[in-house]
Amino acid sequence: MANFNRPTTEIAHVYRGTFIHSTEQTALLILEDALLGVDTEGKIAFIGKGAERDRLSQTFGFSLSEITQLAQHEFFMPGMVDTHIHASQYSFAGTALDMPLLQWLNTYTFPVEYRFKDLEFARRVYTQVVKRTLRNGTTTACYFATIHTDASLLLGQIANDFGQRALVGKVCMDMNNSAKYYRETLQECQEETRRFIAELLSKKYPLVKPVVTPRFAPTCTDALLGQLGEIAKNNNLHIQSHISENLEEVKLVMGLFPDSQSYTHVYHRHNLLTDKTVMAHGCHLSNEELTLFRETGTSLSHCPNSNISLCSGLLNVRNVLKHKVKLGLGTDVAGGYSASMLDAVRRALDLSKILAVQDPENKALTFEEAFRLATLGGSQALSMDDHTGNFEVGKDFDALRVNVAAPGGPIDLIQHDDGPKTLFEKFLNLGDDRNIVEVFVAGRKVVPFTEPTPE
Ligand code: GUN
Ligand code: ZN
């Protein structure tokens, strides 16, 4: 029996073929010969069986000739959710991975982020990162920008222009003794954050929202953290930051905030742990801290490429899931060198297998679980699972049309009768943007880009 909402809006598109997604109960659900309808608002109106098409067409008032049929090696999967990416660092992605975190920030990162006071430089980099991530299947991104309000607003505008769902954060830091040129005063941080939020909200972009962004405890005074906690609370906003990425950083935080019993408590004291908070990394959190994450509804963004590339630590994903902490994946460009969420899936699998080698008690993640983290898990981590993450009726149609046999693509199909699960596993492990032939966000086709593109 088809699953559908009472038809209140008109159907804009109907697709027939294989749909693959995750639910809370099942990490990998494959619906073969399914029929999915998208309404004029970009929401999923129904998902049923191909054989039910006559009844569905009568109920929803579409004609059978309007149905788009997928080819044999094609399927739809939900768009991926990058829960942590520094848009401003895209300019040096793929380089500068030879230092641990704190030295890496001072040597490579702060000098590059400083350049975003130049709006033309910002426009170039932000256009490229939005296009690159969309092409690689990131339909939702949670972005760090820089301390510059106008450039951060520009990132919001570019994401909106290209049709990406995004949270955009103007970075806040009022303490940075190693790079005094790259910080604001407490008052500037407060005023500029308020301006950023007000101006971004005033644009009324349907899919782009501000996120309150203290960079991390070592660059924020207690006073700033307190003010940002209040701003987020008063405006019911998302919050993002970093936590317990590397041991030197944890030690630094415990020295800077001697009154706090843990790194997690530094944020908790200032009301920064909420059910709309996502913290990146968490490699070195204790079980007590994970419990506090669960109790406050705070989520974690697991960024395996970055954690390996900067030799930061190895997050035990099984332990996080055991504590029932919401969890998504992040690329953490440019600490992570790849902007592709497929890379994040693969690195998450590799890393969990390394932990399993070290201790067989650590059961490795399955590819099905890693897929769920990249889609539904990410949407839950950003508290956006009412709108995106899978193909439930009523959610927005955020989807990738994948052709595993795309001409000129990276996958050779030897057995042409491979079933959809095998094709899907090949795509997750071997595929790239050549296989992602179309990308939809809220029902709108955003890849291939419609010409002329803004840049
Ligand atoms: N901690 C504070 N800032 C950053 C950053 O830009 N990247 C990473 N990986 N960790 C951080
Ligand atoms: Zn980061």
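Keep in mind that what you see is a predicted model, and the values were worked out from it rather than measured.
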Under the side chain to side chain contact (heavy atoms under 4.5 Å, CB included) criterion, do Phe293 and Val320 qualify, and how do the steps go?
-> CA-CA 10 Å; Phe293 267 63; Val320 174; over 6 Å; no
Does a donor on one side chain sit under 3.5 Å from an acceptor on the other, for Asp385 and Asn390?
-> no
Rounded distance (nearest 0.5 Å) linking atom CD of Glu425 with atom CG of Leu430 | 9.0 Å
Report yes if the side chains of Leu154 and Asp150 come closer than 4.5 Å at any heavy-atom pair, otherwise no.
-> no
Mind checking whether Tyr15 and Phe76 have parallel, tilted or perpendicular rings, split at 30° and 60°?
-> perpendicular
Check whether any side-chain heavy atom of Thr95 sits under 4.5 Å from a side-chain heavy atom of Tyr108, and report yes or no.
-> no
Backbone N/O of Asp432 and side chain of Asn435: donor-acceptor pair under 3.5 Å | yes
For residues Thr68 and His13, determine if any side-chain heavy atom of one lies less than 4.5 Å from a side-chain heavy atom of the other.
-> no
Anything under 30° is parallel, anything over 60° is perpendicular, the rest tilted; go ahead and classify Phe62 against Phe46.
-> parallel
Indicate yes or no: at least one non-hydrogen side-chain atom of Gln380 is less than 4.5 angstrom from one of Ser299.
-> no
Taking all heavy atoms of Lys170 and all of Thr149, pick out the closest pair and write down the distance.
-> CE-OG1, 3.7 Å
So Val439 and Thr139, side chain to side chain contact (heavy atoms under 4.5 Å, CB included) or not? Walk me through it.
-> CA-CA 8 Å; Val439 177; Thr139 50; 3.6 Å; yes
Ala344 to Gly330 - nearest heavy-atom pair and separation | CB-O, 4.1 Å
Describe, in one word, how the ring planes of His265 and His268 are oriented to each other, choosing from parallel (under 30°), tilted (30 to 60°) and perpendicular (over 60°).
-> perpendicular
For the residue pair Phe397 and Phe440, categorise the inter-ring angle as parallel (less than 30°), tilted (30 to 60°) or perpendicular (more than 60°).
-> tilted
Taking atom types as modelled, is there a side-chain donor on Thr18 or Glu32 under 3.5 Å from an acceptor on the other?
-> no
With salt bridge (Lys or Arg N to Asp or Glu O under 4.0 Å) as the test, would you mind laying out the steps for Glu52 and Arg55 before giving the verdict?
-> CA-CA 6 Å; Glu52 296 175 309; Arg55 194 175 56 71; 3.3 Å; yes
All heavy atoms of Leu355 vs all of Asn362, minimum pair found to be O-ND2, 3.1 Å
Is any side-chain heavy atom of His281 less than 4.5 Å from a side-chain heavy atom of Ser312?
-> no
Taking C-beta and beyond as the side chain, do Lys209 and His238 meet within less than 4.5 Å on heavy atoms?
-> no
For residues Phe144 and His84, establish whether the separation of their ring centroids is below 6.0 Å.
-> yes
Evaluate the side-chain proximity of Glu245 to Tyr263: yes if any heavy-atom separation is below 4.5 Å, no if none is.
-> no
Val81 and Thr375 have their tightest heavy-atom pair at CG2-O, 3.7 Å
For a side chain to side chain donor-acceptor pair (under 3.5 Å) with His86, tell me which candidate from Thr109, Asp332, Thr146 qualifies.
-> Asp332
Mind checking whether Tyr126 and Tyr143 have ring centres under 6.0 Å apart?
-> no
Please report the C-alpha distance between Arg401 and Lys445 in whole Å, then the side-chain angles of each, then the deciding distance to 0.1 Å, and finally whether the side chain to side chain contact (heavy atoms under 4.5 Å, CB included) criterion is met.
-> CA-CA 10 Å; Arg401 181 173 177 171; Lys445 193 191 288 183; over 6 Å; no
Can any side-chain N or O of His302 pair as donor or acceptor with the backbone N or O of Leu327 at less than 3.5 Å?
-> no
Distance only, no hydrogens: is a donor on one side chain within 3.5 Å (strictly under) of an acceptor on the other, for Thr138 and Thr133?
-> no
Would Ser65 and Ser63 count as having a side-chain donor-acceptor pair, cut-off 3.5 Å?
-> yes
If we ignore angles and hydrogens, is there a donor and acceptor under 3.5 Å between the side chains of Ser306 and Ser309?
-> no
Side-chain (Thr140) to main-chain (Gln164) donor-acceptor, under 3.5 angstrom | no
Given Glu120 and Arg123, is the salt bridge (Lys or Arg N to Asp or Glu O under 4.0 Å) satisfied, shown in steps?
-> CA-CA 5 Å; Glu120 274 322 298; Arg123 181 184 300 282; 3.6 Å; yes
Test item: Asn305 and Tyr337 side chains (from C-beta on) under 4.5 Å apart, heavy atoms = yes
Is a side-chain donor or acceptor of Thr9 paired with a backbone partner of Asp39 at a separation under 3.5 angstrom?
-> no
Looking only at heavy atoms, the pair that brings Ala217 and Val266 closest together is CB-CG1, 4.1 Å
Taking all non-hydrogen atoms of both residues, which atom of Ser338 and which atom of Thr331 are closest, and how far apart?
-> O-CB, 3.3 Å
Is it true that a side-chain atom of Lys326 and a backbone atom of Gly297 form a donor plus acceptor pair closer than 3.5 Å?
-> yes
Would you say the side chains of His387 and Asp398 form a donor-acceptor pair under 3.5 Å?
-> no
Stepwise salt bridge (Lys or Arg N to Asp or Glu O under 4.0 Å) test for Asp418 and Lys426 = CA-CA 10 Å; Asp418 279 340; Lys426 274 192 177 277; 5.5 Å; no
